[in-house]
Structures are given as C-alpha cells and as structure tokens.
Visitor: 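Have a look at this one before I ask anything.
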Amino acid sequence: MSDQKSVLILGDGAAGTIMANKIRFHSNPSEIDVKVIGNSRRHYFKPDGVQIPLGFKDYRRSVKPTESLFNYGVNFIRGEVSKIDVDNTSVSTADGKKFSYDYLIIATGNRFTPEDIPGYDKGAKHFYDLDASLDLKKTLSTFKGGKIIVGQASVPIQCPPAPYEFSLQLEKYLRLKGLREKTEIHYIYPLNRVFTIPNVSTYIEKLFEERGIIVHKMFNVDTVDAENKKLNSIEGETLDYDLLVLVPPHRGQKVITDSGLADESGYIDVDRNHLNYKDFDNVFVVGDATNLPVSKAGATAHFESEYLANRIVNETNGNAYYESYDGDVACTTVTGGNEAITLYFSYTKPPRAQFQSKTDYFFKWTSADTYFSAMVRGIM
Amino acid sequence: MAEIKPTKVIDARGSFCPGPLMEMIKAYKQGKIGDVISVYSSDSGTKKDAPEWIKKSGNELIGVFDRNGYFEIMMRKTK
C-alpha cells in the first residue's frame with residue numbers, strides 16, 4: 001500500500017525492542033512497517049546484574065532469546081549497522097545492505113570501554129553484563145575476606161544507583177556468608193557525596209554508615225595497578241584492594257561517532273522534550289544513546305516510548321499530537337534487607353527518597369517477569 | 001588584576017550535574033601543568049562541586065564569576 005510509512009529502529013536492546021513493540025501494538029501493519037536492525041542473540045534484563053553475582057537470583061530468569069521478544073509483525077533483521085546517513089535517509093549494514101526509512105529511531109545504547117582506564121582489564125571485575133556477573137560470582141565464591149572496593153570508573157554509566165545498590169547487597173551477602181567481620185567494604189564516588197542527587201545521597205550515606213561501609217568521596221579513577229592491587233585516583237589518592245568491583249567506562253556506539261552524529265563520547269544531542277536529532281523531524285534517539293541529563297535506564301526508554309510511539313502512530317494517521325517527553329524516570333533499588341526504595345523523577349521534579357518498603361522490594365524482585373511479559377512487549 | 005586568558009574553555013551550559021564537573025576533570029586530565037581551564041555552567045550544583053574538587057585535587061581555583069545568566073569557574077592546573 002503506497003501510504004504505508006516505514007519505521008526503522010537501530011538497536012535490539014530495551015529501548016529498541018520497547019519502541020518497536022509499542023508502535024506495532026498501537027498501529028496496523030498496513031499503515032506502518034516496523035523494522036529493527038540488531039545483532040544480539042540474547043536479551044538480558046540488566047538490573048538483575050546486581051543480584052546474580054551474589055547468588056540472590058538465578059540468571060536463567062533474566063535472559064530471553066532476542067527474537068522471541070518482538071511482537072508479531074515486527075521485522076527483525078540481524079545485522080550490524082555500519083553507517084547512518086540522515087541527510088539521505090539511509091542506513092547501511094556491515095554485510096552491504098542498505099535501508100531507507102520515513103522515520104528513523106536510533107536506540108543503539110552504550111558500549112563498555114575498559115581501555116579508557118589503564119589497568120582496568122587486568123585488575124577489575126564488574127556486574128554490568130551477564131558474563132561479567134557470572135565471573136564475579138565465581139570470584140566471590142572463593143573470597144575469604146579482605147578489602148573490597150566498589151564504584152564506577154567514570155560518568156555517565158547505565159543505572160546510576162547500581163554501585164550503591166551493589167554495595168548494600170554485598171554487605172548483606174557477606175553477613176550471610178559469615179565474612180562480614182573479615183571484610184572491609186569501601187565505596188568510591190566521583191562527587192563530594194555518594195550519589196548525584198543530594199537528598200538521595202544523604203539517605204544512602206546514612207544506610208552506609210549504619211552498615212559500616214567506608215566512603216571515599218571525590219575519588220575519580222585514574223589507573224588500576226593490577227599487579228600491586230592498588231587503585232589510583234586523579235585527585236592523587238591510592239587505595240589498596242583485594243577485590244575491585246568497578247563499573248567500566250561507557251561510551252555510545254562507535255558507529256554513532258563514525259557517522260558524524262556525536263563527538264568521541266558517542267552520545268547524541270537531542271531535543272530534550274521531543275527526542276529529535278537536530279532539526280530532523282523524522283530522526284529520533286531513545287534510551288542510552290542520547291546525551292540527555294536523565295538516567296541511562298530501561299525505565300527511561302519506557303517513558304520515552306510512551307511519547308514517541310504515540311507521536312509516530314498519530315502522525316501517520318494524520319492526527320495532531322501535542323504531548324512531549326518530560327524527563328520521566330523511575331528506579332527501584334534493593335537496600336540490603338528485604339526492602340527497597342523507588343525513586344520517581346523528571347526534568348523538573350527531583351526525586352524524593354521516601355522510605356524503604358517491602359512492597360518496592362516485591363516489585364523489584366518480580367521486575368524481570370514484569371519486564372519480559374509486559375514492559376518490553378509495549379503493553380504497559 | 002590582569003586578565004587571565006584560559007587555555008581551554010568548556011561551554012557546559014544546559015548540562016546538568018555532574019556533566020560540567022566531569023568535563024572539567026576530562027580537560028584537566030588532558031591538559032598540562034600551567035593550563036587555565038574555564039567552565040561555563042548554568043547548573044547551580046556545579047558552583048559548589050567544582051571548587052571543592054579543585055581544592056581536593058590540589059589545583060588552584062582562580063575564581064567563580066557570575067556572568068549573564070550563567071557562571072564561569074576558572075582553574076589552573078598545578079599538578
């Protein structure tokens with residue numbers, strides 16, 4: 001049908017999959033063709049990465065085959081994007097194929113760049129992908145006590161609360177294992193607090209104090225001396241460690257920089273309320289690929305998709321659409337016991353760290369099931 | 001006071017915490033001793049965070065200047 005519009009989505013992670021499924025859910029295939037280009041074999045629910053190394057969750061509940069998550073009518077194309085040419089509405093893949101579009105949605109996410117920190121590869125562990133989480137689990141299973149440092153190697157990172165959440169969960173794990181008395185937990189943070197947002201930071205710092213977690217503020221990682229087990233900061237401090245759990249540096253995808261859409265950071269500047277790239281009204285960026293001042297998190301992609309999928313479906317049907325994305329984010333973190341806290345915030349409303357609750361804990365515990373059965377399917 | 005000309009100017013207006021401070025730290029890492037780095041920011045948190053970081057890292061805070069609708073933090077790399 002000649003009036004059919006084509007939506008091309010780059011990326012098969014949370015942002016790309018939610019966008020594709022939500023557009024498909026709200027539109028007729030005769031009106032909109034939805035294509036997704038991606039190259040991952042499995043779709044991993046990343047928030048479970050905090051629990052998996054500590055044995056609090058079985059990783060098999062956190063992974064699904066990528067292709068199984070697309071709604072009927074979404075065309076998934078396995079491929080690696082090699083060039084994005086927004087001036088000519090064209091996308092190329094490494095195997096030589098070319099795709100055109102009416103709407104382009106860039107949802108290419110992050111990549112880890114451990115090479116940005118000398119010594120990282122040899123000296124640090126992390127929990128930011130499944131293989132790393134399982135490797136850390138193995139390391140912890142033989143840990144007999146000592147000094148553990150937890151932190152992040154740079155800013156920005158996905159799921160900014162994860163380092164403090166992991167520290168609190170690690171403290172619980174060590175108590176259960178009878179190793180707490182033999183272990184010091186040190187938490188490093190690049191700012192003069194323990195989290196970006198001051199009121200949340202005050203709340204978490206109190207929890208750290210109660211649980212004996214030692215804090216090192218304004219510690220920006222410079223190098224890792226793996227041989228001597230020392231972590232060096234830009235500020236000139238050095239900490240010894242027996243186990244270093246350090247979230248690796250992140251950047252956007254290389255193809256973004258190579259295509260001239262962003263600087264070396266790989267993150268794309270977009271309109272903060274409409275998610276357009278520059279003045280292109282048919283090119284959008286969602287999820288971790290943006291340079292927006294919001295958390296890089298699946299919940300961000302979910303809220304962005306609420307706006308963007310409805311906009312594209314309405315525009316295609318000739319309807320006016322006046323909504324916008326207002327920076328909404330939600331984030332639930334387990335605080336160590338059988339409790340969790342949830343933070344809701346937007347561009348204009350800072351979060352309130354209200355209280356820990358068992359309800360939020362239940363919500364967090366079942367979040368992978370909710371994600372796979374509803375959120376990623378675009379039906380919530 | 002004679003006017004100090006920055007070696008590098010970072011315009012981080014519109015970027016929220018911790019963006020401007022991280023940009024300053026990045027420029028510091030890439031710079032050389034004696035460089036003067038200026039950061040323009042409209043984020044109020046940076047006005048407090050950046051001078052604290054400059055002090056902790058043992059560098060020199062030249063000043064925090066209110067400009068028209070934003071402020072400028074100027075530092076000298078001394079180590």
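Only a predicted model underlies this, so the values are computations on that prediction, with no experimental measurement involved. Lettering of chains follows the sequences in order, A, B, ..., and the numbering in each one begins at 1.
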Visitor: Out of B:M22, B:K56, B:K79, which one racks up the most heavy-atom pairs below 4.5 Å with chain A?
Guide: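 Going by pairs under 4.5 Å, I would pick B:K56.
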Visitor: What part of B:K26 lies closer than 4.5 angstrom to a heavy atom of chain A: side chain, backbone, both or neither?
Guide: side chain
Visitor: Please check if the number of heavy atoms outside B:K29 that lie under 6.0 Å from its NZ is greater than 12.
Guide: yes
Visitor: Inspect the surroundings of NZ in A:K46 and state if more than 12 heavy atoms from other residues, nucleotides or ligands are less than 6.0 Å away.
Guide: no
Visitor: Is the NZ atom of A:K217 crowded by more than 12 outside heavy atoms at less than 6.0 Å?
Guide: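 Yes.
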Visitor: Should we count CD of B:E60 as having more than 12 external heavy atoms under 6.0 Å?
Guide: yes
Visitor: CD of A:E227: more than 12 outside heavy atoms within 6.0 angstrom?
Guide: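 No, because the 6.0 Å sphere around CD of A:E227 holds 12 heavy atoms or fewer from other groups.
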Visitor: Can you tell me which portion of A:L191 sits under 4.5 Å from chain B's heavy atoms? Options are side chain, backbone, both or neither.
Guide: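 Contact with chain B involves the side chain of A:L191 alone.
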Visitor: State the OG1-CG distance between A:T196 and B:D49, to the nearest 0.5 angstrom.
Guide: 10.0 Å
Visitor: If you count heavy-atom pairs under 4.5 Å between each of A:P293, A:P156, A:P198, A:G236 and chain B, which one has the most?
Guide: A:P293
Visitor: Return the minimal non-hydrogen interatomic distance between B:E52 and A:N192, and the atom names on each side.
Guide: OE1-ND2, 2.7 Å
